[in-house]
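Everything numeric here is computed off the predicted structure, so don't read it as measured data.
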Amino acid sequence: MPEVRARNLQNLTMRYLNLNPVNATSNATYSFRNGLPLIRFDISATQAPMLMDGKNLRINGRFTARTTAGAKLNSAQNNYVDNYAGLFASCVQNISISSKRLNQNLERVTQYNRLVPSIISQLNNGKYIDTALSHGGKHAWSIPQMRHQLSAYHAFNLQGNSVADASQTGVDFSAPLYAGILQTGEDIDLSSSTGVGGLVIEILLNSDVSVVFGSDAANAASLATYTLSGLTLSVPVYEMGGEAAQNYAGQVNQYSFNSWSSMFQTLNSGTSVVAFTPGLSRVTSCLQNFITASDLGNQNFNPCRLGFGGQIQQCRFSKNGALFPLQFRLQSVSNNNDRQARPFPAVNQSSHTYKVLPEWVRNALEGVSSRKISRVKNTALEYNGWSAGVVDRDQSAGRTGTGPGTAHTQAILFDSFGGGTDFSQEVFSFELRISGDNQQVTGVDNAGGVIGASANNIDGTAATAQAVHLYFLNQNTIMYSPNGIELQR
């Protein structure tokens with residue numbers, strides 16, 4: 001069957017559905033602190049075929065940050081949200097999308113706030129992030145820019161009247177959902193006869209400590225919290241009727257879509273192996289991102305940060321113990337040689353003339369984009385840029401929001417042609433080797449001063465243990481037949 005895309009069909013009528021959450025309260029406000037962390041949207045089924053354009057689906061609303069005492073956040077203080085996650089994605093812990101007809105989940109993305117930074121930073125350049133993406137999901141090129149998003153409030157209402165200080169709300173957003181099923185490219189048939197029979201989208205919000213961070217956000221006197229209000233879901237759909245609907249119904253026998261599946265592990269030693277059976281039969285790619293484990297749950301530090309993990313020396317990917325898909329190990333001595341890559345090695349401000357991680361970056365871009373490097377056109381990664389530098393970054397880079405960070409994501413592409421790799425009963429594993437000599441790196445702060453040397457290895461202590469989040473992109477198929485419908489993963 002051809003791909004289910006509206007542009008392949010004729011006699012369609014496009015319109016937008018604007019849906020409110022079905023669990024809305026009287027004040028239409030959602031937050032973890034106030035006891036309503038779940039947002040639920042119900043997209044009804046139709047009798048005739050109706051196609052939903054998932055890529056252009058948007059969740060709209062208003063993000064407001066204040067102290068727990070109700071005061072506004074001060075733009076001169078250290079209150080931040082991760083720039084690559086953006087305002088909305090920073091708030092989201094899990095997203096579940098289920099079929100009402102199948103009565104089961106089609107996709108459940110856990111730790112959504114750590115998946116989105118990898119997608120945004122690897123596939124978009126800084127200029128695009130600061131323009132197009134800044135208007136919808138409220139992304140930015142650097143973390144310090146996000147401070148002003150948190151301290152902006154609506155002082156006037158739609159009638160032009162001033163609003164009392166305690167009632168002023170924050171900035172508006174209109175963000176896509178980066179779930180695999182919505183970003184696949186195929187339109188989703190909502191019909192109860194030829195499609196999924198309607199969808200239920202559930203969004204579970206993060207606690208305060210996983211959203212607004214910084215030394216002032218974590219200070220008891222100015223502890224930061226957030227709320228989401230005025231939420232709606234904008235759903236673009238294509239309707240068909242008459243003979244076109246009858247012809248379409250006769251052609252439908254399957255629907256294919258992607259989904260993200262995730263897992264969490266902790267690395268405690270310089271040579272660590274992560275091995276398990278994903279239980280997925282058509283894996284396209286896998287990506288991993290790192291953060292110092294002790295940073296999680298600590299409001300002083302960025303919970304969405306994409307860290308380096310340490311002074312990486314070697315990595316291998318395996319299937320049932322055999323090297324796969326790369327028949328070799330990725331190796332690097334980057335941190336040892338980064339200083340020598342400068343025209344003036346002793347000067348931290350001196351730019352690099354070359355970098356020594358090309359294979360790592362190439363595989364990361366292929367894995368996140370699910371396409372060969374020749375088709376990857378943009379990325380935020382650069383030599384030593386403020387937010388996405390790939391050199392001179394230690395395992396704690398960018399954790400406070402006040403110093404240079406990185407956007408390191410490790411990924412591997414298994415299949416770019418659509419068949420996927422079977423891990424339904426096979427063991428996926430990767431081994432990461434971090435140098436034990438603790439080669440220290442230095443950097444530059446926002447005032448141009450030198451940041452002191454930082455530890456950059458995993459030594460078995462809680463201070464250096466690294467949390468790794470793994471995300472598998474898997475292909476799934478819903479099969480329609482006279483005997484019923486079946487979901488194949």
Side-chain angles (χ1 to χ4, degrees), residues 110-111 113-114 117-118 209-210 213 215 218 262-278 286-318 321 323 329-339 356-357 360 363-364 389-401 403-412 427-443 451-471:
T110 59
Q111 300 303 318
N113 63 321
R114 291 199 55 80
S118 286
V209 297
S210 297
F213 71 93
S215 58
S262 57
M263 182 179 176
F264 173 84
Q265 278 279 7
T266 303
L267 308 180
N268 296 296
S269 64
T271 299
S272 299
V273 178
V274 175
F276 60 96
T277 301
C286 174
L287 70 87
Q288 306 102 38
N289 56 47
F290 304 90
I291 184 173
T292 303
S294 59
D295 288 2
L296 298 173
N298 188 332
Q299 202 164 355
N300 283 287
F301 306 124
N302 183 1
C304 305
R305 179 174 63 87
L306 304 176
F308 254 118
Q311 186 185 339
I312 299 175
Q313 286 192 325
Q314 181 175 287
C315 177
R316 66 169 176 84
F317 294 92
S318 303
L323 292 173
R329 291 169 170 81
L330 290 173
Q331 295 181 325
S332 171
V333 287
S334 61
N335 288 35
N336 298 68
N337 287 298
D338 277 347
R339 284 182 159 296
V356 288
L357 279 174
W360 296 71
N363 281 282
V390 296
V391 293
D392 279 350
R393 298 293 188 267
D394 61 75
Q395 61 189 198
S396 297
R399 69 195 307 207
T400 64
T406 180
H408 179 71
T409 295
Q410 182 173 291
I412 190 69
V427 176
F428 162 87
S429 67
F430 80 90
E431 177 186 330
L432 194 67
R433 182 180 297 173
I434 306 294
S435 174
D437 66 7
N438 198 26
Q439 176 75 24
Q440 295 182 322
V441 297
T442 57
I451 297 175
S454 303
N456 204 26
N457 70 336
I458 302 177
D459 59 10
T461 66
T464 62
Q466 296 296 299
V468 54
H469 295 79
L470 298 95
Y471 299 88

(Q) Could you tell me if the side chain of S429 sits less than 4.5 Å from the side chain of R316, heavy atoms only? (A) yes
Q: Give me the ring orientation class for Y471 and H469: parallel if the planes are under 30° apart, tilted from 30 to 60°, perpendicular past 60°.
A: parallel
Q | D459 versus N457, side-chain donor and acceptor atoms under 3.5 Å | A | no
(Q) To check you understand the geometry: which heavy-atom pair defines the closest contact between I312 and I434, and what is its length? (A) CG1-CD1, 3.7 Å
Q. Do Q466 and T292 have side-chain N/O donor and acceptor atoms under 3.5 Å apart?
A. yes
Q: For the residue pair V274 and Q288, establish whether any side-chain heavy-atom pair is separated by less than 4.5 Å.
A: no
Q: Evaluate the side-chain contact (heavy atoms from CB on, under 4.5 Å) criterion for residues W360 and C315: first the C-alpha distance (whole Å), next the side-chain angles of each, then the deciding distance (0.1 Å), finally the verdict.
A: CA-CA 9 Å; W360 296 71; C315 177; 3.5 Å; yes
Q.
Once rounded to the nearest 0.5 Å, what's the spacing between atom CG of L432 and atom CD1 of I458?
A. 6.5 Å
Q) Do you know the tightest heavy-atom contact between G307 and T406? A) CA-CG2, 4.0 Å
(Q) Tell me the closest heavy-atom pair linking G460 and T464, and the distance in Å. (A) N-OG1, 4.1 Å
Q: Kindly compute the distance separating CD (Q111) from CG (N289), expressed to the nearest 0.5 Å.
A: 10.0 Å
Q: Identify the two heavy atoms, one from P303 and one from S210, that lie closest to each other, and give their separation to 0.1 Å.
A: CG-O, 3.3 Å
Q: Assess whether side-chain contact (heavy atoms from CB on, under 4.5 Å) is satisfied between F213 and D295, documenting all intermediate values.
A: CA-CA 11 Å; F213 71 93; D295 288 2; over 6 Å; no
Q | Spatial distance of atom CG (L287) from atom CZ (R114) [nearest 0.5 Å] | A | 10.5 Å
Q | Minimum heavy-atom distance between A467 and L296, given as atom pair plus value | A | CB-CD1, 3.9 Å
Q: Heavy atoms only: give me the nearest N302-G398 pair and the separation to one decimal.
A: CB-O, 4.2 Å
Q.
With heavy-atom distances below 4.5 Å as the criterion, would you say the side chains of T400 and S215 are in contact?
A. no
Q | Trace of the side-chain contact (heavy atoms from CB on, under 4.5 Å) decision for F276 with L470 | A | CA-CA 11 Å; F276 60 96; L470 298 95; 4.2 Å; yes
Q) To the nearest 0.5 Å, what is the distance between OG (S318) and CZ (R329)? A) 7.5 Å
Q) So F290 and H408, would you call those rings parallel, tilted or perpendicular, with 30° and 60° as cut-offs? A) parallel
Q) Could you give the distance from CD (Q331) to CZ (R433), rounded to the nearest 0.5 Å? A) 8.0 Å
